[in-house]
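One structure is given here, and the rest of the page talks about it.
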Amino acid sequence: MEVLKNAEVFSPIRWRDGLQLLDQTLVPAEEVWVDCTTPELVADAICRLAVRGAPAIGVAAACGLVVGLQTRAAGQSLQERFDEVYDLLIKTRPTAVNLRWALDRGREVFSALEGKNDDEVINSLRDWALALHAADIETNRRLGQFGGGIFRKGDRVLTHCNAGALATAGYGTAVGVITSAFERGNLSHVWVDETRPLLQGSRLTAWELSRLKIPYQVVTDSSVGALMSRNLVDRVVVGADRIAANGDTANKIGTYTVAVLAARHGVPFYVAAPLSTIDPTTPTGSDIPIEIRDPKEVTRFHGVDVSPNNADAQNFAFDVTPNELIAGIITEVGVLEPPYVESIREALQSA
Ligand code: MRU
């Protein structure tokens, strides 16, 4: 039974009598859904980027809490199991703050259910996780409406990594903005950075834009300067994994390079993200933990060595774009503008 709402929107996360995640490591070659029957399978899917993108990680983790309670050992208390699964999931990826955001909300919901019987607790937590899934799609639609309004007829936009339906419960953040601008007739072309090393741009964003019938071309990450110097880019829109209280933004490695080039060429650079990606407890970008991944992701590709087999590599998964390079942060409550300390504080208070 399809329980999740917004069924018309493509989602990489679905609940069919249990949690299923689209294995994004295989897209676009194959569409394989992973049955996540244990919290360990959910944690593994997050770690190996079968499910990825900050909001999608948060929603998958919320569902993972439910899977955890459903699979507790005989005699284990729900509280003990909840804590065990929370600790397992929170360690999976350090930068995407939506993970902590969703798990902490799950803990609040769970605590409020004290006194109910086990079945009531599990069913209520499942209803909450599914509501979080539906709410993420609605948030992205609102965010897309605000973002679509900043485009002008004929604009050519560049995006980095994948901040589309696949990276969320559905519709996407940066790709949601692009979709909304396209539907308004205000977007003529999308430049899709391939996004080394794991090619979230050329594999995933290109797959989404093909399905949406939005005109695009994939470019190597190193093409951005050439495109901008030829006046071929009017705007940049990217997603975020964590936005600090001052607006500094962590996103996929290479985003900072794009932002610096955009500043050099006078191209407005926007971040699109839900308020759940803003972390008011992280004061600045230098306080954001940056995930460092396996060097093999850089030296091997699809099982083939692309460096000598003894080559070492550095694999920062994210970088930080300082707030002064960001023209606006597109959220579900509007487009936040500098100075971000104030606009972020007001936006979080209003929510
Ligand atoms: O390592 P990934 O693929 O999880 O990185 C994803 C990104 O950097 C996205 O831009 C970000 O999470 C925003 S997704 C709406």
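Counting starts at 1 for both ligands and their atoms, in listed order.
With respect to atom 15 (C) of ligand 1, the closest heavy atom belonging to the protein is Thr173 OG1, 3.2 Å. Among protein heavy atoms, the minimum distance from atom 5 (O) of ligand 1 is reached at Lys252 CE, 3.3 Å. Of all protein heavy atoms, the one closest to atom 13 (C) of ligand 1 is Ala240 O, 3.3 Å. For atom 8 (O) of ligand 1, the nearest non-hydrogen atom of the protein is Asp241 OD1, 2.9 Å. For atom 6 (C) of ligand 1, the closest non-hydrogen atom on the protein side is Arg52 NH2, 3.5 Å.
Side-chain contact check for Thr71 and Arg81: at least one donor-acceptor pair (N or O, by modelled atom type) lies under 3.5 Å. No side-chain donor from either of Thr139 and Tyr171 sits under 3.5 Å from a side-chain acceptor of the other. Between the side chains of Asp279 and Thr281, at least one donor N or O lies within less than 3.5 Å of an accepting N or O.
If you number the atoms of ligand 1 from 1 as listed, the ones under 4.0 Å from a heavy atom of Ala54 come out as 12 (O), 14 (S). Residue-ligand proximity, Arg93 to ligand 1, at heavy-atom distances under 4.0 Å covers atoms 1 (O), 2 (P), 4 (O). Using a 4.0 Å cut-off to heavy atoms of Gln200, the atoms of ligand 1 that qualify are 1 (O), 2 (P), 3 (O). Proximity to Cys161 (heavy-atom distance under 4.0 Å) selects the following atoms of ligand 1: 5 (O), 6 (C), 7 (C), 8 (O).
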Between Val260 and Leu325, does a side-chain contact (heavy atoms from CB on, under 4.5 Å) hold up when you go through it step by step? CA-CA 7 Å; Val260 170; Leu325 299 181; 4.0 Å; yes
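Hydrophobic clustering places Val224 together with Val238 (ILVMFWY residues linked when any side-chain heavy atoms are closer than 4.5 Å, directly or through intermediates).
Side-chain atoms of Thr92 never come within 3.5 Å of backbone atoms of Cys47 as a donor-acceptor pair (strictly under, hydrogens ignored). Asn162 places no side-chain N or O within donor-acceptor distance of the main-chain N or O of Gly53, the cut-off being under 3.5 Å.
Of the heavy atoms in Asn162, only backbone atoms (N, CA, C, O) come closer than 4.0 Å to ligand 1.
The option from Asn251, Asn140, Val271, Asp319 that lies nearest to atom 9 (C) of ligand 1, judged by heavy atoms, is Asn251.
Considering backbone and side-chain atoms alike, Ala167 places every N or O at 3.5 Å or more from each N or O of ligand 1.
In Arg107, the CZ atom is crowded: over 12 heavy atoms of neighbouring residues, nucleotides or ligands sit closer than 6.0 Å.
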